[in-house]
Number of protein chains: 2
Amino acid sequence: MRKDAVHNRERLLEAARRLFADRGLDVPLEEIARTAGVSIGTLYNRFATRKDLVEAVFEDRAATVAAIAERALTADDPWEGFVAFLTGVCELQAADLGYNDLAARDGKGIEPMLRIIDRAQKSGALRGDVTLADMTFVIWGVAATVRATVRTAPGAWRRHLALTLDGLRSTAAHELPVPPMSISEARAAMDECR
Amino acid sequence: MRKDAVHNRERLLEAARRLFADRGLDVPLEEIARTAGVSIGTLYNRFATRKDLVEAVFEDRAATVAAIAERALTADDPWEGFVAFLTGVCELQAADLGYNDLAARDGKGIEPMLRIIDRAQKSGALRGDVTLADMTFVIWGVAATVRATVRTAPGAWRRHLALTLDGLRSTAAHELPVPPMSISEARAAMDECR
DNA sequence: CCTCAAGTTGAATATAGCCTCAACTTAGCT
DNA sequence: AGCTAAGTTGAGGCTATATTCAACTTGAGG
């Protein structure tokens with residue numbers, strides 16, 4: 001790739017990064033190009049679809065989440081680790097409206113939770129009747145609260161999350177009315193998010 | 001009003017009712033007119049703005065919610081009443097994607113909860129540190145889950161709600177990290193929902 | 001310095017939805 | 001039946017965004 005092309009790609013990613021963060025994934029592509037100081041044609045040259053651009057912008061997030069998961073797994077208290085992981089992911093959501101959208105749509109986001117859930121359940125702190133698929137409720141819920149409150153009451157999501165976490169403790173458990181979603185149902189539901 | 005105008009108004013409301021229910025509040029007005037068998041001009045004659053149409057379609061919902069609240073207040077067990085109210089509202093959300101959108105945007109929806117919350121807190125079952133504003137988290141959360149799952153896992157919202165309710169019991173309460181939203185913050189946040 | 005593949009440009013095309021209004025139609029009154 | 005205010009119509013203008021592509025420009029190898 002020619003060096004001007006590399007440079008433009010960089011500028012586009014930078015612009016997209018900022019605009020996605022401020023306004024979510026649905027920002028107009030023309031605006032991203034304008035902000036980057038290139039033409040819309042160049043944007044299409046570098047990224048054939050919006051999806052490609054989004055993937056490039058959030059390429060490193062999987063690693064970030066993996067790191068948060070790693071730290072969570074080494075926490076002394078499995079429950080604290082569980083809380084730390086969800087808090088960490090939700091902080092990413094709150095800090096970037098683009099990732100907030102992405103987390104709600106992208107199934108891979110919660111996969112690293114499997115071992116964290118397992119450990120927290122084995123410790124007895126996390127209720128035994130929840131599954132990975134139930135974590136989508138946490139993500140969707142906090143995503144909705146972040147979207148609604150980011151301008152008017154930033155930080156409110158922490159309260160939402162805390163209430164949700166209190167419902168996930170073994171000590172809070174009451175019988176659940178319906179079976180958990182299957183993984184494929186959860187995945188399909190995330191795809192449905194727009 | 002002339003009787004053909006009344007008739008068209010009726011047909012428009014019927015069409016809007018169905019399309020809102022199936023697809024949410026953002027259905028194109030042209031499609032509503034077409035479904036009603038009238039022109040777009042007639043739609044605008046009867047309803048000057050989308051908001052007017054939405055208000056007309058969901059005019060009776062306030063009364064429905066009030067009735068659910070009334071029943072909730074006469075429940076023997078205040079906690080059961082609280083659960084019944086939230087379940088009732090969420091059932092309305094799940095049954096109608098238009099109302100699902102509206103509930104998340106319209107501040108008035110949860111106002112009838114004040115007395116229900118008060119009673120449930122006085123009984124000791126509902127944790128004392130939550131406020132009316134916290135109920136927006138329940139509505140936003142379930143709204144997000146309904147939107148995501150209505151096609152792929154209908155009924156999943158009941159599980160989300162049950163987990164959320166378990167977090168609202170006194171017995172589940174742990175200290176909350178941030179103060180509740182003020183009523184005006186909550187209202188502003190609901191307005192922000194699109 | 002020449003060349004040309006690689007890259008950039010932005011006007012043009014396409015699609016979608018909102019909204020208006022001048023021309024036409026009709027209900028309902030006398 | 002004739003009148004007219006009320007109502008209907010839908011093409012057309014507007015805005016916003018996506019997407020393409022023929023003409024132009026330029027980096028870099030020889």
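Across the protein-nucleic acid pair, B:D52 atom CG and C:dC18 atom P stand 15 Å apart, rounded to whole Å. The CD atom of A:E31 sits 11 Å away from the P atom of D:dA16 (whole-angstrom rounding). The distance from atom CG of A:L25 to atom P of D:dT17 is 15 Å, rounded to the nearest whole Å. When rounded to the nearest whole Å, the span between CZ of B:F47 and C1' of D:dG7 equals 14 Å. If you measure from atom CD of A:E30 to atom P of C:dA12, you get 14 Å, rounded to the nearest angstrom. Rounding to whole angstrom units, CZ of residue A:R23 and P of D:dA16 are separated by 12 Å. The interatomic distance linking A:H7 (NE2) with D:dT26 (C1') rounds to 15 Å, in whole Å. As a whole-Å value, the separation of A:R34 CZ from C:dT9 C1' is 15 Å.
Counting heavy-atom neighbours within 6.0 Å of B:R17 CZ, excluding the residue itself, gives a total above 12.
Closest to the B:N8 side chain, of the nucleotides C:dT8, D:dG7, C:dC18, is D:dG7. Of all nucleotides listed (C:dT9, D:dT9, C:dT8), C:dT9 comes nearest to the side chain of A:V38. The nucleotide whose nearest atom lies closest to any side-chain atom of A:R2 is, among D:dT8, C:dC18, D:dA28, D:dA28. Nearest nucleotide to the side chain of A:D4, out of C:dT8, C:dT20, D:dT17: C:dT8. Residue A:R46 places its side chain closer to C:dG7 than to any other of D:dT19, C:dT9, C:dG7.
A salt bridge links B:R61 with B:D96: at least one charged nitrogen is closer than 4.0 Å to a carboxylate oxygen.
Residue contacts shown for A:R9 are absent, as no nucleic acid heavy atom lies under 4.0 Å away. B:I40 comes within contact range of at least one nucleobase, with a heavy-atom separation under 4.0 Å. At the heavy-atom level, B:N45 lies under 4.0 Å from base atoms of the strands shown.
For B:M1 and B:L29, each mapped to the nucleotide of DNA chain C holding its nearest heavy atom, the one lying further toward the 5' end belongs to B:L29. Between A:P28 and B:S39, the residue anchored closer to the 5' end of DNA chain D is B:S39, taking for each the nucleotide with the nearest heavy atom. Residues A:V6 and B:K3 both approach DNA chain C. Their nearest nucleotides, taken by heavy-atom distance, put A:V6 toward the 5′ side.
Using cut-offs of 30° and 60° for the angle between ring planes, the B:F20 and B:F58 rings count as parallel.
Using a 4.5 Å heavy-atom cutoff, the side chains of B:R158 and A:L176 are not in contact. Put simply, the side chain of B:T152 does not reach to within 4.5 Å of the side chain of A:D191, judged on heavy atoms.
Considering A:R169, A:M113, A:R119 as possible partners of A:F82, the one that fulfils the side chain to side chain contact (heavy atoms under 4.5 Å, CB included) test is A:M113.
Taking only side-chain nitrogens and oxygens, B:R50 never comes nearer than 4.0 Å to OP1 or OP2 of C:dG17. OP1 or OP2 of D:dT9 has at least one side-chain nitrogen or oxygen of B:T42 nearer than 4.0 Å.
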